[in-house]
Structures are given as C-alpha cells and as structure tokens.
Amino acid sequence: MTELHGTQGPTTQPPAPAVHDGAPPRWAPYYGISFGRAVARFFTKYATFSGRASRSEFWWAYLLNVVVSFVLLGVIIALRWSTIEYDTVDFGDGNVYRVAQAPAPWFWALFVLPTVWWLATIVPTLALGWRRLHDANLAGALWIIAVFVGIVGIVFGLLPSNPEGARYDRPEGVR
C-alpha cells in the first residue's frame with residue numbers, strides 16, 4: 001500500500017518511460033544500471049548538470065574512477081621500484097651509503113597519464129555528483145562541499161532516491 005502526502009503522488013519512484021532497449025531516456029535516472037551502461041552514461045552525459053542520477057549510476061562511475069586511478073598509479077610505482085638504481089657514496093665519515101639515482105625522464109612523463117585521466121573525468125564526475133544530489137531532492141550545488149571534504153561525497157552517494165527529485169528532470173526537447 002502506498003502512502004499519500006497531501007496532494008503529492010505515491011512515495012515510490014515512478015518509472016521513467018523506456019526507450020527501445022528497455023533503458024530510460026538519457027534525461028531520466030537509470031535505476032539498477034549495469035557497469036557497462038553506467039560507464040557509457042558517465043561519458044555521454046559529460047557536462048550534463050540537469051536531471052538526476054541513480055545510486056547505481058553514481059557508484060559504478062565511482063568504481064571506474066577508483067580502479068583506473070589505482071591502476072595508473074600502481075603501474076608508475078611498480079615501474080619505479082623495478083628500475084631503481086643505486087650509487088654508493090662515501091661522505092668521508094667512514095660510512096658508505098647507498099643513494100637512489102634520480103628517476104629517468106620517461107618516469108616523469110608517466111605522471112602525465114593520471115593527470116590526463118583526472119582532467120578527462122573531472123567535469124563528468126562533478127556533473128554526476130550534482131545529478132546524484134538532484135535524485136535525493138537536494139540542490140546540486142551542495143556537491144561543492146564534497147569536492148573539499150571527500151567523506152561528504154560518499155555520504156551524498158548513499159542518500160536514497162526521493163520522488164520529489166523529479167522536479168530537476170529536464171526531458172530533452174522540452175527545454
């Protein structure tokens with residue numbers, strides 16, 4: 001049984017109209033989305049700050065960002081540790097020290113990869129968090145707090161969907 005509040009509709013999330021493959025339109029949140037579709041939506045809605053994003057859309061994209069970041073940094077660290085070379089240095093105090101040589105120039109060039117990934121995903125990550133807050137019926141601008149206080153982003157990502165968040169939906173072609 002659904003509970004009604006005044007003139008509002010039921011408290012359950014109304015389904016968005018489905019397109020030909022059973023997926024909701026781009027402007028609607030996609031509840032229960034798969035990893036592959038979430039990644040595709042993450043990049044196709046690159047700078048879309050209007051509308052809503054479901055928790056599954058948010059967490060699959062979050063997982064993608066974490067995994068890619070750890071892999072890129074892991075490769076850099078592994079290559080540094082596997083190619084490290086040492087010199088022996090005697091400072092005249094009777095002790096001999098092993099000192100690591102400076103990394104090769106190619107090592108520093110590898111740091112471009114995580115930077116490129118960050119630059120490629122910063123806008124869609126901000127937009128996704130913004131839309132996630134819309135799904136919880138909160139102002140998207142609150143996502144700016146999550147940029148500076150990371151744990152807040154996790155809390156925002158855990159918030160349940162709120163049917164009143166549909167006020168942020170902007171069906172394409174209706175603008």
Side-chain angles (χ1 to χ4, degrees), residues 2-6 8-77 111-175:
T2 59
E3 182 180 325
L4 298 177
H5 300 284
Q8 298 173 354
T11 60
T12 59
Q13 188 69 33
V19 292
H20 68 280
D21 64 350
R26 265 182 27 115
W27 57 264
Y30 195 152
Y31 299 102
I33 193 170
S34 67
F35 177 76
R37 286 186 176 198
V39 169
R41 276 176 79 100
F42 176 69
F43 287 109
T44 57
K45 295 176 82 170
Y46 191 88
T48 305
F49 287 80
S50 64
R52 298 179 290 153
S54 67
R55 280 192 281 191
S56 52
E57 283 180 75
F58 177 82
W59 286 113
W60 283 127
Y62 193 91
L63 177 67
L64 172 75
N65 271 321
V66 168
V67 167
V68 170
S69 297
F70 274 111
V71 166
L72 290 174
L73 291 173
V75 165
I76 290 170
I77 291 168
F111 274 105
V112 170
L113 295 176
T115 304
V116 168
W117 174 255
W118 180 80
L119 289 172
T121 60
I122 187 67
V123 171
T125 300
L126 290 171
L128 180 64
W130 202 278
R131 292 191 317 269
R132 178 68 205 109
L133 285 174
H134 285 173
D135 192 46
N137 195 31
L138 296 171
L142 289 172
W143 189 253
I144 294 169
I145 297 169
V147 171
F148 297 105
V149 184
I151 191 73
V152 173
I154 293 172
V155 171
F156 284 160
L158 293 172
L159 292 174
S161 296
N162 185 335
E164 294 171 1
R167 68 187 173 119
Y168 292 104
D169 286 347
R170 302 270 191 275
E172 294 166 351
V174 178
R175 299 174 194 212

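Basis for what follows: all heavy atoms, side chains included, without hydrogens, waters or symmetry-related copies.
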Worksheet item: So Ser50 and Tyr168, side-chain contact (heavy atoms from CB on, under 4.5 Å) or not? Walk me through it.
Response: CA-CA 6 Å; Ser50 64; Tyr168 292 104; over 6 Å; no
Which heavy atom in [X] sits nearest to a heavy atom in [Y], and how many Å separate them?
X	Y	value
Gly32	Ser56	N-OG, 3.2 Å
Pro114	Leu72	CA-CD1, 3.9 Å
Tyr46	Ala120	OH-O, 3.0 Å
Ser54	Pro29	N-CB, 3.9 Å
Phe49	Val123	CZ-O, 4.3 Å
Ala61	Leu128	CB-CD2, 3.3 Å

Item to complete: Step by step, work out the side-chain hydrogen bond (donor to acceptor under 3.5 Å, both in side chains) result for Thr125 and Asn65.
Response: CA-CA 9 Å; Thr125 300; Asn65 271 321; 3.3 Å; yes
Worksheet item: More than 12 non-hydrogen atoms from neighbouring residues, nucleotides or ligands closer than 6.0 Å to CZ on Phe70, yes or no?
Response: no
Worksheet item: Can you list the steps and then say if Asp135 with Tyr31 is a side-chain contact (heavy atoms from CB on, under 4.5 Å)?
Response: CA-CA 11 Å; Asp135 192 46; Tyr31 299 102; 2.6 Å; yes
Worksheet entry | Intermediate values then yes/no, side-chain contact (heavy atoms from CB on, under 4.5 Å), Leu142 and Trp130 | CA-CA 8 Å; Leu142 289 172; Trp130 202 278; over 6 Å; no
So, [X] side chain and [Y] main chain: donor-acceptor pair closer than 3.5 Å or not?
X	Y	answer
Arg132	Arg52	no
His134	Gly165	no
Trp60	Ile33	yes
Lys45	Arg26	yes
Arg170	Trp27	no

Worksheet entry | Any side-chain heavy-atom pair of Leu158 and Trp59 under 4.5 Å | yes
Worksheet entry | Beyond-backbone contact of Trp117 with Thr121, side-chain heavy atoms, under 4.5 angstrom | yes
Discussion item. Apply side-chain contact (heavy atoms from CB on, under 4.5 Å) to residues Tyr62 and Ile154 and explain how you reach the verdict.
Written reply: CA-CA 10 Å; Tyr62 193 91; Ile154 293 172; 3.9 Å; yes
Worksheet item: Taking atom CG of Asn137 and atom CG of Asn162, what is their separation to the nearest 0.5 Å?
Response: 4.5 Å
Fill in: Nearest-0.5 Å distance, CD1 of residue Ile145 to CG of residue Leu133
9.0 Å
Discussion item. Centre-to-centre under 6.0 Å for Phe58 and Trp143, is that the case here?
Written reply: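 That pair passes the under 6.0 Å test.
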Item to complete: Please check if any side-chain donor atom of Arg41 sits under 3.5 Å from a side-chain acceptor atom of Tyr30, or the reverse.
Response: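 Side chains of Arg41 and Tyr30: no pair found under 3.5 Å.
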